[in-house]
Amino acid sequence: MANVKDVTVLHRIDGLQGKNVVILFGKTRAGKSTFINDAYGKKVVETTTSITSDTNEISYVKEPLLVGDQKLHLVDTVGLGGSGKNHDRASFTWKWLSILHPGKNRNSPLKVTVKGILYFIDMMDGAMNEDNIRNLETFKGLVGEEVQESVVFVTTKWVTDAERNTRKRLENNFVGWGEKIRRDFPKASIVRLDATTGRLDEEDLNELPLPERTKKEREYHNNTMRVLRQLLTKTATKPLLAQKEMHAGGKEMKAAETTVGKTVIGHLSEDIERTRDDTLAQQLRRIIEVFKTLPLIKAFFPKGKRFRRTTTPTAAKPWEAGASVAK
């Protein structure tokens with residue numbers, strides 16, 4: 001079984017070529033890290049019950065998870081639309097573009113490394129609001145339509161012993177999410193995780209007598225395996241949209257020329273129109289400027305840095321205070 005020492009930061013997707021990669025997306029506290037721990041049957045990554053996500057880097061478990069005859073590498077991501085300092089959609093997009101960027105290997109064939117995607121939705125989080133819609137739009141811009149069959153939306157935080165009103169609210173949320181997903185991701189599937197067994201938080205689970213706790217942990221593990229087996233029925237045969245766009249783009253390609261970059265700029269532009277905070281508006285314009293003017297190859301692989309397939313890209317955010325925008 002894996003442990004925390006087996007988790008490492010993912011700098012480039014090329015570093016996982018030849019492996020079966022499954023990426024876990026979703027909002028902060030949606031259950032991504034918990035899913036990984038349940039799948040491995042022990043604590044592999046940190047989890048949280050606070051509003052701020054514990055996942056500050058995009059990382060993967062080096063020891064593969066065996067599902068049937070398939071060895072999977074699970075990638076845990078920073079929360080979409082989370083409340084942490086680095087958990088906004090612009091930072092999320094910039095980080096993923098750095099990971100998916102081919103560097104100076106654009107002439108090499110583009111290989112499929114990401115075999116499946118899990119998008120986690122907290123049913124207690126609320127109905128389909130603007131924040132959740134923007135998260136889905138950003139996600140769609142990143143992965144595209146050609147891999148939708150390999151996307152499973154995993155709904156979490158089902159409470160089996162909830163009061164009638166709470167259960168009704170969860171079901172209404174599920175209906176709202178389902179309608180949106182079927183409309184925008186018609187080839188994807190949606191599942192309920194722990195819907196029949198419920199889910200105890202870590203503190204309550206640890207207070208159970210050992211035999212009962214072991215039984216619960218086995219149930220949670222089996223629930224994750226069912227989701228992963230479903231995902232493996234339709235593994236991706238094509239790369240993510242952002243990968244294709246950057247692979248085909250020239251060395252002067254900017255983030256604004258990718259579909260996900262255009263999506264983020266649209267969101268930021270809407271926020272600029274709404275806000276009365278001049279300082280915030282200036283910060284948002286700064287991000288848009290970087291997305292529109294800074295070539296990605298210069299941002300991620302600065303001039304003078306010798307390039308290899310394993311070269312770690314620079315994912316620093318050029319729009320932050322003190323950073324300059326190279327042209």
Side-chain angles (χ1 to χ4, degrees), residues 9-11 25-30 48 50-58 77-101 103 125-126 128-143 241-242 245-246 249-305 312-327:
V9 174
L10 176 62
H11 295 292
F25 288 102
K27 205 170 182 178
T28 296
R29 297 181 66 229
T48 184
S50 66
I51 295 176
T52 303
S53 173
D54 271 342
T55 308
N56 294 309
E57 296 285 355
I58 296 173
T77 65
V78 294
L80 259 170
S83 58
K85 179 180 178 181
N86 299 315
H87 298 164
D88 60 275
R89 281 173 286 270
S91 300
F92 171 92
T93 297
W94 193 257
K95 189 179 288 285
W96 267 108
L97 289 179
S98 74
I99 289 173
L100 298 175
H101 198 282
D125 179 48
M128 185 55 60
N129 54 32
E130 182 184 64
D131 192 47
N132 288 327
I133 290 173
R134 284 185 172 189
N135 283 344
L136 285 176
E137 290 172 347
T138 303
F139 172 69
K140 186 175 182 179
L142 183 72
V143 305
L241 176 60
E245 291 175 334
M246 291 188 293
K251 62 181 181 180
E252 294 299 314
M253 187 176 192
K254 288 86 173 175
E257 297 173 48
T258 66
T259 300
V260 67
K262 293 174 184 176
T263 301
V264 171
I265 288 175
H267 296 159
L268 296 175
S269 299
E270 291 174 359
D271 291 339
I272 291 172
E273 290 295 321
R274 294 177 186 175
T275 186
R276 296 181 179 181
D277 185 333
D278 292 339
T279 301
L280 175 60
Q282 184 178 1
Q283 292 171 346
L284 299 181
R285 291 190 186 97
R286 173 74 170 171
I287 298 174
I288 292 176
E289 178 190 6
V290 170
F291 270 54
K292 287 184 175 181
T293 63
L294 181 58
L296 294 173
I297 191 72
K298 292 181 181 179
F300 302 145
F301 304 97
K303 188 175 181 180
K305 187 175 183 179
T312 299
T314 300
K317 293 171 285 188
W319 56 83
E320 291 188 333
S324 61
V325 180
K327 302 288 183 68

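Throughout, residue positions are numbered sequentially from 1 according to the sequence presented.
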Visitor: When rounded to the nearest 0.5 angstrom, what distance separates CE in M246 from CG in L296?
Guide: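 Going from the CE atom of M246 to the CG atom of L296 covers 7.0 Å.
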Visitor: Test salt bridge (Lys or Arg N to Asp or Glu O under 4.0 Å) on E289 and R286 and set out the steps.
Guide: CA-CA 5 Å; E289 178 190 6; R286 173 74 170 171; 3.8 Å; yes
Visitor: If you compare all heavy atoms of I288 against all heavy atoms of S269, which two are closest, and at what distance to 0.1 Å?
Guide: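 Closest approach of I288 to S269, heavy atoms only: CD1-OG, 3.7 Å.
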Visitor: Heavy atoms only: give me the nearest A242-L100 pair and the separation to one decimal.
Guide: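 Scanning both residues completely, I find the closest heavy atoms to be CB-CD1, 4.0 Å.
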Visitor: Should R89 and D131 count as side-chain neighbours, where that means a heavy-atom distance under 4.5 Å?
Guide: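 Yes. Closest side-chain heavy atoms under 4.5 Å.
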Visitor: Looking at side-chain heavy atoms only, is the closest gap between T93 and T258 below 4.5 Å?
Guide: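 No, side chains not in contact.
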Visitor: Of all heavy-atom pairs between A255 and L97, which one has the smallest distance, and what is that distance?
Guide: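 Scanning both residues completely, I find the closest heavy atoms to be CB-CD1, 3.9 Å.
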Visitor: Is any side-chain heavy atom of T275 closer than 4.5 Å to one of Q283?
Guide: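 They are not in side-chain contact.
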Visitor: Provide the closest heavy-atom pair for A90 versus I287 in the form atom of the first, atom of the second, distance.
Guide: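 So the minimum-distance heavy-atom pair works out to CB-CG2, 3.9 Å.
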Visitor: Nearest 0.5 Å please: distance from the OG1 atom of T279 over to the CG atom of L284.
Guide: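 Atom-to-atom, T279:OG1 and L284:CG are 11.0 Å apart.
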Visitor: Supply the atom-to-atom distance K262 NZ to E245 CD, rounded to the nearest 0.5 angstrom.
Guide: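 CD of E245 is found 7.0 Å from NZ of K262.
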Visitor: Looking at E273 and E270, would you say the former's side chain and the latter's main chain have a donor-acceptor pair under 3.5 Å?
Guide: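 Not at all, since once roles are kept as given, no pair shorter than 3.5 Å links the two residues.
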Visitor: Within the structure provided, determine whether K298 and E252 are in side-chain contact (heavy-atom separation under 4.5 Å).
Guide: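 Sidechains of E252 and K298: in contact.
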Visitor: Are there more than 12 heavy atoms of other residues, nucleotides or ligands under 6.0 Å from atom CG of D278?
Guide: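 Open: at most 12 neighbouring heavy atoms sit under 6.0 Å from CG of D278.
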Visitor: Can you find a pair of side-chain heavy atoms, one from W96 and one from V260, that are under 4.5 Å apart?
Guide: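 W96 vs V260: side chains apart.
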Visitor: Roughly how far, to the nearest 0.5 Å, is CG of L294 from CE of M253?
Guide: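 It is 13.0 Å, given to the nearest 0.5 Å.
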Visitor: First locate atom CG of D277, then atom CD of Q282, and finally report the distance between them rounded to the nearest 0.5 Å.
Guide: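 D277 CG to Q282 CD: 10.0 Å, rounded to 0.5 Å.
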Visitor: Is the F300-W94 ring centre distance short of 6.0 angstrom?
Guide: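 So the answer is yes for these two rings.
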Visitor: Is there a side-chain contact between L142 and F25, using heavy atoms and a 4.5 Å cut-off?
Guide: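 Counting from C-beta outward, L142 and F25 do come under 4.5 Å.
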Visitor: What distance do E137 atom CD and T259 atom OG1 have between them, rounded to the nearest 0.5 Å?
Guide: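 Interatomic distance, E137 CD to T259 OG1, rounded to 0.5 Å: 13.0 Å.
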